[in-house]
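Both backbone and side-chain heavy atoms feed into the values below; hydrogens, waters and symmetry mates do not. Keep in mind the model is a prediction, meaning the values are calculated, not measured. All ligand and atom numbering here is 1-based and tracks the order in the structure.
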Amino acid sequence: MIGRLNHVAIAVPDLEAAADQYRNALGAKVGAPQDEPDHGVTVIFIELPNTKIELLYPLGEDSPIQGFLDKNPSGGIHHVCYEVEDIIAARDKLKESGARVLGTGEPKIGAHGKPVLFLHPKDFQGTLVELEQV
Ligand code: CO
């Protein structure tokens, strides 16, 4: 059911420093910061030849990233994003298997303008999983 790894998201305490490091030390193609008020984050996408890295930084008062950074002050891997062809079919199949979908259970529009859902990390080996319809 799942397709390509769309991105790995890393929560960072200093977005500019992280972007500079990927641009200069790692020589990656680094995009511009985008505010995502619906998700409480500012993101920067980094294009790699086979996938992307999503740098996440808190936006607004109750950003879901803030608690993560409080526990991991130097940052850390926050989630992985897998591509699916039909997000509703994928969600329904996963719910049948007992997996919990976060939030309302309805897809939101993600950073690429496509529907996304998040799955409970306790149901996936301690890893927060994002599904993105492509
Ligand atoms: Co993501």
Side-chain angles (χ1 to χ4, degrees):
M1 179 173 68
I2 61 169
R4 289 171 4 118
L5 173 68
N6 185 277
H7 60 267
V8 175
I10 302 174
V12 300
D14 183 335
L15 191 56
E16 204 173 316
D20 282 350
Q21 184 184 45
Y22 271 86
R23 189 182 293 112
N24 301 323
L26 292 169
K29 190 177 158 203
V30 176
Q34 295 169 237
D35 289 344
E36 300 291 334
D38 283 358
H39 297 272
V41 291
T42 300
V43 303
I44 288 181
F45 277 100
I46 297 164
E47 299 270 349
L48 304 183
N50 63 338
T51 189
K52 294 185 278 288
I53 301 296
E54 178 183 62
L55 301 178
L56 293 175
Y57 185 77
L59 174 69
E61 285 300 300
D62 19 67
S63 170
I65 303 304
Q66 191 57 58
F68 184 91
L69 282 173
D70 291 344
K71 280 181 234 150
N72 305 277
S74 51
I77 293 180
H78 183 264
H79 65 265
V80 294
C81 177
Y82 302 128
E83 297 180 355
V84 294
E85 279 182 16
D86 182 336
I87 201 164
I88 299 297
R91 176 198 66 188
D92 292 348
K93 187 168 181 212
L94 285 160
K95 278 169 84 174
E96 261 172 51
S97 79
R100 286 165 287 178
V101 178
L102 298 187
T104 62
E106 294 307 315
K108 277 190 183 179
I109 298 302
H112 304 113
K114 293 177 178 160
V116 301
L117 278 176
F118 286 90
L119 304 169
H120 201 296
K122 291 207 169 117
D123 299 334
F124 293 91
Q125 296 75 45
T127 303
L128 178 60
V129 173
E130 178 179 20
L131 297 180
E132 180 175 296
Q133 180 169 293
V134 291

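Under 2.8 Å from the Co ion (ligand 1), one finds the following protein N/O/S atoms: His7 NE2, Glu54 OE1, His79 NE2, Glu130 OE1.
Partners of His39 by ring pair (Phe, Tyr, Trp, His ring centres under 6.0 Å), not counting sequence neighbours: none found.
Rounded to the nearest 0.5 angstrom, Arg91 CZ and Glu106 CD are separated by 4.5 Å.
When hydrophobic side chains of Ile, Leu, Val, Met, Phe, Trp and Tyr are connected at separations under 4.5 Å, Ile65 ends up clustered with Val41, Val43, Phe45, Leu56, Leu69.
Residue pairs meeting the side chain to side chain donor-acceptor pair (under 3.5 Å) criterion with at least one partner in residues 107-116, sequence neighbours excluded, are His112-Glu132.
Comment: Asp20 engages Arg23 in a salt bridge, judged by a side-chain N to carboxylate O separation of less than 4.0 angstrom. Under a 4.0 Å N-O distance rule, the pair Lys52/Glu47 does not qualify as a salt bridge.
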